[in-house]
Colleague: 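For reference, the structure I am asking about is given below.
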Amino acid sequence: MDNFIFQNPVKLIMGRGMIARLSEEIPSGKRVMITFGGGSVKKNGVYAQVKEALKDYFTVEFWGIEPNPSIETLRKAIALGKEQRVDYLLAVGGGSVIDGTKLISAGLLYDGDAWDLVLAGKMVTDTVPLATVLTLPATGSEMNNGAVISRHETKEKYPFYANYPVFSILDPEVTFTLPPYQVACGLSDTFVHVMEQYMTAPGQSCVMDRWAEGLLQTLIEIAPKIRENQRDYQLMADFMLSATMALNGFIAMGVSQDWATHMIGHELTALHGLTHGHTLAIVLPATLRVLRGSKGDKLLQYGERVWNITSGTRDERVDEAIRRTEEFFRSLGLTTRLSEENIGMETISEIERRFNERGVRYGENGDVTGTVARKILEQAL
């Protein structure tokens, strides 16, 4: 196990009816800007709960943070926040709303264009306090300090890091009316978050391996049940907590990480607008096929412990582990091939060009260059 320092300051508030605690958690006298995506929070009752809890506060609302939040939209939110002298932020939505609000929290205290903060690639610690009410489990953004921000005019998408949320409220009941496609993408996103931290080399930490495998097994167990009954409180509670635990730093302590699948997936989203969790379902199986040489030992462990694959030759067991992974994504109702989304060689060449132009080397071994990314995407055709 490698050396590490771990700290996660987020207060997690979990359960039905917990949105009412907003007035207990946000200091009195704060000027709060509430950020939203579309109008679904008005249909599922979340908006009314939030407004009731904050009835004694000055609040201003900003609507329209889109999936894959764009700097073009967030600039408007920052301008509104500055105009209204906002000193507290509440993100009500899924990972995109929370990600976007993290940039807003930094932009409110920055004199220049907030896109500069994204391009700088450095963690921003001078921010306005931020809390969240999670409505869509997927990204884990409610309990980490990361975000991903897009720029539509240039079709770019980059990670951004700022302070953690002060607290996050998770009420499983708010997920009951989510569109099944969003739930499927959330399950995929959660699964691949775990895999990015787990599918590297064996023998780094028994604790991290078992935690990661437990999350993967949980997702595999609950996914078909959720597709049958999305209004089951216990199932959605397990889904929410799995998504949070998958990317709050717990399973990353002292172990190497990959993230090549994510970086390739971000490009597919930037170029085609495909939902992030869906891109991962397409890219991960292909990544495993191309990198099976370096990941072979961990693939064998994963196959045995997660999928109970114990017979066959080494190659057969690896093949089966990858096949079952892809089949899991398909069982969610997601496509797993680029051709199924009408994405072809032109996109593959553009992603290779972008990676080479930036000189990037992703993966735990730094071996996923533009050339390797091309091989992965060709495998995903």
Side-chain angles (χ1 to χ4, degrees), residues 68 148 150 155-159 185 188-201 216 247 256-303 306-307 314-315 317-330 332 334-381:
N68 309 302
V148 184
S150 299
K155 294 187 176 181
E156 295 175 284
K157 186 176 181 181
Y158 296 118
C185 289
S188 171
D189 202 357
T190 301
F191 193 95
V192 181
H193 283 159
V194 178
M195 291 289 279
E196 296 278 32
Q197 299 161 89
Y198 168 78
M199 186 52 64
T200 55
L216 294 172
L247 200 57
S256 59
Q257 301 178 49
D258 187 339
W259 300 108
T261 293
H262 266 70
M263 300 311 294
I264 296 170
H266 288 330
E267 298 296 336
L268 291 173
T269 297
L271 292 167
H272 293 278
L274 193 61
T275 300
H276 173 63
H278 195 165
T279 70
L280 303 179
I282 293 171
V283 177
L284 178 66
T287 299
L288 298 180
R289 286 192 289 269
V290 171
L291 300 181
R292 61 185 291 154
S294 59
K295 295 180 182 290
D297 290 342
K298 200 59 174 284
L299 276 164
L300 288 174
Q301 177 180 313
Y302 163 70
V306 175
W307 294 108
R314 177 186 176 91
D315 282 343
R317 290 163 65 187
V318 168
D319 287 340
E320 182 63 8
I322 297 171
R323 188 195 69 79
R324 291 203 195 179
T325 303
E326 184 169 2
E327 182 54 37
F328 170 71
F329 295 134
R330 297 195 77 88
L332 301 177
L334 300 174
T335 59
T336 59
R337 298 291 170 149
L338 292 173
S339 57
E340 294 176 282
E341 297 301 321
N342 298 313
I343 298 173
M345 293 304 300
E346 183 178 351
T347 295
I348 293 174
S349 296
E350 173 60 15
I351 294 175
E352 179 185 26
R353 185 195 67 77
R354 290 184 174 199
F355 278 25
N356 288 338
E357 182 178 74
R358 299 171 196 158
V360 298
R361 302 181 70 89
Y362 297 121
E364 71 272 18
N365 299 313
D367 54 1
V368 180
T369 60
T371 300
V372 176
R374 182 185 187 92
K375 292 178 181 178
I376 290 170
L377 289 165
E378 287 174 345
Q379 275 286 331
L381 277 172

Colleague: How long is the span from the CG atom in Asn365 to the OG atom in Ser256, to the nearest 0.5 Å?
Modeller: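 Going from the CG atom of Asn365 to the OG atom of Ser256 covers 7.5 Å.
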Colleague: Taking Glu326 first and then Arg289, would you say they form a salt bridge - that is, a charged N and a carboxylate O separated by under 4.0 Å?
Modeller: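 Yes, Glu326 and Arg289 are salt-bridged.
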Colleague: Would you mind checking if Arg358 and Glu156 are paired as a salt bridge, meaning a charged N to carboxylate O distance below 4.0 Å?
Modeller: no
Colleague: About how many Å separate OH of Tyr302 and CD1 of Ile322, when rounded to the nearest 0.5 Å?
Modeller: 9.0 Å
Colleague: Minimum heavy-atom separation for Thr279 and Leu274, please, with both atom names.
Modeller: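 Answer, listing the atom of Thr279 first, then Leu274: CG2-O, 3.7 Å.
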Colleague: Step by step, would you call Leu300 with Val318 a side chain to side chain contact (heavy atoms under 4.5 Å, CB included)?
Modeller: CA-CA 6 Å; Leu300 288 174; Val318 168; 3.9 Å; yes
Colleague: On a heavy-atom basis, which atom in Gly370 and which in Glu352 lie closest, and how many Å separate them?
Modeller: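 The pair with the smallest heavy-atom distance is O-CG, 3.4 Å.
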Colleague: Short question: side chain of Ser188, backbone of Gly277 - any donor-acceptor pair under 3.5 Å?
Modeller: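 Side chain of Ser188 to backbone of Gly277, a donor-acceptor pair under 3.5 Å: yes, one is there.
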Colleague: Test side chain to side chain contact (heavy atoms under 4.5 Å, CB included) on Leu284 and His262 and set out the steps.
Modeller: CA-CA 9 Å; Leu284 178 66; His262 266 70; over 6 Å; no
Colleague: Are Glu320 and Arg323 close enough for a salt bridge, meaning some N to O gap below 4.0 Å?
Modeller: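 Yes.
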Colleague: Parallel, tilted or perpendicular: which fits the ring planes of Phe355 and Tyr362, with parallel below 30° and perpendicular above 60°?
Modeller: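 Plane angle over 60°, so perpendicular.
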Colleague: Would Thr325 and Val306 count as a side chain to side chain contact (heavy atoms under 4.5 Å, CB included) here? Give the steps.
Modeller: CA-CA 10 Å; Thr325 303; Val306 175; over 6 Å; no
Colleague: Could you tell me if the side chain of Gln197 sits less than 4.5 Å from the side chain of Glu364, heavy atoms only?
Modeller: no
Colleague: Within the distance-only criterion (no hydrogens, no angle test), does the side chain of His278 pair as donor or acceptor with the backbone N or O of Thr335 below 3.5 angstrom?
Modeller: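 Confirmed, His278 side chain pairs with Thr335 backbone.
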Colleague: First locate atom CG of Leu247, then atom CG of Asp189, and finally report the distance between them rounded to the nearest 0.5 Å.
Modeller: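 Spacing of CG (Leu247) from CG (Asp189) equals 8.5 Å.
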Colleague: Can you find a pair of side-chain heavy atoms, one from Asp319 and one from Arg292, that are under 4.5 Å apart?
Modeller: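 Asp319 vs Arg292: side chains touch.
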Colleague: Nearest heavy-atom pair of Ser294 and Asp367: which atoms, and what distance?
Modeller: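 The pair with the smallest heavy-atom distance is OG-OD2, 4.4 Å.
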Colleague: Working to the nearest 0.5 Å, report the span between OG1 of Thr347 and CD of Glu267.
Modeller: 10.5 Å
Colleague: Measuring only between side-chain heavy atoms, which start at C-beta, is Leu377 closer than 4.5 Å to Ile343?
Modeller: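 In short, these two side chains do not touch, never coming nearer than 4.5 Å.
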Colleague: Val368 versus Ile376: any side-chain heavy-atom pair under 4.5 Å?
Modeller: yes
Colleague: Got a donor-acceptor contact below 3.5 angstrom from the Lys295 side chain to the Leu288 backbone?
Modeller: no
Colleague: Partners of Thr269 by side chain to side chain donor-acceptor pair (under 3.5 Å), sequence neighbours excluded?
Modeller: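 With neighbours one apart ignored, the set is empty.
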Colleague: If I compare all heavy atoms of Ser339 with all of Leu381, which pair ends up nearest, and what's the gap?
Modeller: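 Distance-wise, the nearest heavy atoms are OG-O, 2.7 Å.
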Colleague: Quick check for you: to the nearest 0.5 Å, what is the distance between Glu196 atom CD and Met263 atom CE?
Modeller: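 One gets 10.0 Å once the value is rounded to the nearest 0.5 Å.
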Colleague: Where do Thr369 and Arg374 land on the side chain to side chain donor-acceptor pair (under 3.5 Å) test, with the steps shown first?
Modeller: CA-CA 9 Å; Thr369 60; Arg374 182 185 187 92; over 6 Å; no
Colleague: Show the numbers, then the answer: is there a side chain to side chain contact (heavy atoms under 4.5 Å, CB included) between Met199 and Leu299?
Modeller: CA-CA 7 Å; Met199 186 52 64; Leu299 276 164; 3.9 Å; yes
Colleague: Main chain of Tyr198, side chain of Lys298: is a donor-acceptor contact present, judged purely on distance under 3.5 Å?
Modeller: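 Judged by distance alone, yes, a pair lies under 3.5 Å.
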Colleague: Is a salt bridge present between Arg353 and Glu350, judged by a nitrogen-to-oxygen distance below 4.0 Å?
Modeller: yes
Colleague: Please report the closest heavy-atom contact between Ile282 and Arg337, naming both atoms and the distance.
Modeller: CG1-N, 3.9 Å
Colleague: Indicate the atoms forming the closest heavy-atom contact of Gln379 with Val290, along with that distance.
Modeller: CG-CG2, 3.5 Å
Colleague: Where the side chain of Arg317 meets the backbone of Gly303, is there a donor-acceptor pair that is under 3.5 Å apart?
Modeller: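 No.
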Colleague: When the ring planes of His266 and His276 are compared, do they come out parallel, tilted or perpendicular, using 30° and 60° as the limits?
Modeller: parallel
